[in-house]
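The structure appears below as structure tokens.
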Amino acid sequence: MKFSIKTDHPEKQRSDVLVLGVYDSLKVAYDKPILSISTINYIASILKHGDMSGKAGSSLILYNVPGIKIPKILLIGLGKEKELDGKKYCAAVRAMIYALKKMDVKTISSYIQIAPVIESDIAWNIEHFINEVMDASYEFAELKTINKKTKKTFDFLVNVDKKNQKVAEAALKKSFALAKGIELTKTLGNLPPNICTPTYLGKKAQEIGKEHGMKIDVLDQKQIEKLKMGSFLGVAKGSRQPPKFIILQHNKGKKTQKPIILVGKGITFDAGGISIKPAGDMDEMKYDMCGAASVLGTFETIGLLNLPMNVIGIIPTCENLPDGLAVKPGDILTSMSGQTIEVLNTDAEGRLILCDALTYAERFNPEVVIDIATLTGACVIALGHHASALYSNDDKLAKDLESAGQISMDRVWRMPLWEDYQSQLDSNFADMANIGGRAGGSITAACFLSRFAKKYKWAHLDIAGTAWKSGKAKGATGRPVGLLTQYILNKIY
Ligand code: BES
Ligand code: MN
Ligand code: ZN
């Protein structure tokens, strides 16, 4: 996909197809400034035939419209003029992509992004135009040898008013970098677990670091042992794939600026361990490294943008498998913090690898620490697939993440971290148990992590319901790279 910002009138531009938005009143969005009266009247006369409703998502192709050099016009419905919000706008952009895929076109002159969207500006429109186009045209077919659809790539001429050219170009740069980060996150998630191992994630981190001038460390088993990460190593014991502990450092901010730290759960396959999971849909546990993938994707984006910030990524990564040497229910592990943990269910492994990463984060004297994890099935029951769960010990941090979620349309919903829940983690034999029972399962998982995040401002994102889609549309979503990137950008501007 290629995108370039243009400031032409459609009457002058040359391309294969012109895309215009149409309201359900059958009026072309933003018609006066871009079309001549005769063209507006001509299109209106065709729409009178009733073949297009203008409802959100509807479409119609016109050929050889007088006065326009471009041979085809694709009209995309935007629904009610006064009700064009961000969601409907994004749906219209997706409808455009689905229509374009069926056409024989390569270069596209688009004008739908100049339609006024409630509570947004041209920068937002451009960003979400690119985001939707990239998302709707993503495919993971690298490992198919038959029935491969040929992927269509388009060349988009994204037209704006001349006065908005600079803003639009900045928005394009930002959203293209974001799209690249999201794409990487999706692909890492979709890769099969026999390819995407802890070692593979370590190599990817090194590639990203080399590309963007970041400092990367990939610690091996011995180095992890030296750090006394007994909890993380407990989980890793059941697998023959060696664990890795990955640290990425993007140090492009002032020396005095404390770093933002992102910690991602990197379980490259979660069979549950000795507390083994049922067989149905177990393949989806290849997505249990989506937290890690979102950290790598965010680093790809901030690297491409060369953001003047200090950001550190921390990824504990291993497999969770049953084995003769695997951690067993009843085992007690000593975490890097010194706190002891009775493992009552080996399938609650995410918190066991994250707690040591949270302790490790202390050494960087962070501004904030945000962990991202496909942590609990209970989170999916609580919030479904639309919002990621947000937990935080700091109200300002929580608010900042909520508003970054709104802007990026990658939303979070804050959950309680009350003291009342903590006693569910009581253990008769260790400082705590690794599970808190069925009630409030996402909350008690967060409570567990909070015990290792007392020394700094911390937020936890449970992305179990948002990181991938199941069923026919099975695939990683790339969330919450949009949210994390927006949160970091908001710190600069
Ligand atoms: N990776 C899973 C959480 C998960 C399950 C995410 C299904 C998305 C879909 C996590 O490691 C896990 O197994 N959690 C257990 C915790 C339980 C044993 C307390 C769960 O949610 O069932
Ligand atoms: Mn598990
Ligand atoms: Zn897991």
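Predicted model only: the values in this text are computed from it and were never measured. Both ligands and their constituent atoms are indexed starting at 1 by order of listing.
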For ligand 1, is any non-hydrogen atom under 4.0 Å from [X]'s backbone (N, CA, C, O), its side chain (CB onward), both, or neither?
{"X": "Asn320", "value": "neither"}
{"X": "Lys277", "value": "side chain"}
{"X": "Asn345", "value": "side chain"}
{"X": "Phe448", "value": "neither"}
{"X": "Lys265", "value": "side chain"}

Would you sort out whether Lys222 and Glu225 count as a salt bridge (charged side-chain N to carboxylate O under 4.0 Å, His left out), showing the intermediate values? CA-CA 5 Å; Lys222 277 221 172 79; Glu225 279 165 12; over 6 Å; no
With a distance cut-off below 6.0 Å to the six-membered ring centre and an angular limit of 45° from the axis, does Lys186 pair with Tyr138 as a cation-pi contact?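 Yes, cation above the ring, under 6.0 Å and within 45°.
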Using a 6.0 Å cut-off, check whether atom [atom1] of [X] has over 12 heavy atoms from anything other than its own residue.
{"X": "Lys87", "atom1": "NZ", "answer": "no"}
{"X": "Lys203", "atom1": "NZ", "answer": "no"}
{"X": "Lys228", "atom1": "NZ", "answer": "no"}
{"X": "Lys151", "atom1": "NZ", "answer": "yes"}
{"X": "Lys101", "atom1": "NZ", "answer": "yes"}

Lys265 backbone or side-chain N/O/S under 2.8 Å from the Zn ion (ligand 3):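 Here the distance criterion (N, O or S atom, under 2.8 Å) is met by Lys265, so yes.
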So, Asp270 and the Zn ion (ligand 3): N/O/S under 2.8 Å, yes or no? yes
Does the protein place a non-hydrogen atom closer than 4.0 angstrom to atom 21 (O) of ligand 1?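 Protein heavy atom within 4.0 Å of atom 21 (O) of ligand 1: present.
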Strictly under 4.0 Å, does any heavy atom of Phe269 approach an atom of ligand 1? no
Looking only at heavy atoms of Arg438, does any of them come nearer than 4.0 Å to an atom of ligand 1? no
Looking only at N, O or S atoms, find the one in Glu349 nearest to the Mn ion (ligand 2) and name it. OE1
Is the distance between the ring centroids of Phe129 and Tyr89 under 6.0 Å?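 Centroid distance Phe129-Tyr89: not below 6.0 Å, so no.
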Let me see the working for Ser450 and Gln422 under side chain to side chain contact (heavy atoms under 4.5 Å, CB included), right down to the final yes or no. CA-CA 10 Å; Ser450 74; Gln422 289 283 356; 3.1 Å; yes
Counting heavy atoms only, which of Ala464, Ala445, Ala378 is nearest atom 6 (C) of ligand 1?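 Selected option, by shortest heavy-atom distance: Ala464.
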Looking only at side-chain N and O atoms, does Lys174 offer a donor or acceptor that is under 3.5 Å from a partner on Gln486? yes
Glu349: its N/O/S atom lying closest to the Zn ion (ligand 3) (atom name):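 Closest N, O or S atom of Glu349 to the Zn ion (ligand 3): OE2.
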For the Zn ion (ligand 3): the N/O/S atom of Asp288 at shortest distance: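 Distance check against the Zn ion (ligand 3) picks out OD2 in Asp288.
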Report yes if some N/O of Asp270 lies less than 3.5 Å from some N/O of ligand 1; otherwise report no. yes
Would you say Ala348 has any N or O atom under 3.5 Å from an N or O of ligand 1, going by distance alone?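 Between Ala348 and ligand 1 (N or O atoms, distance only) the closest approach is not under 3.5 Å.
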Going by the order shown, which atoms of ligand 1 are within less than 4.0 Å of some heavy atom of Ile435? 19 (C)
The O(Asp347)-the Mn ion (ligand 2)-OD2(Asp270) angle, to 10°, is 170°
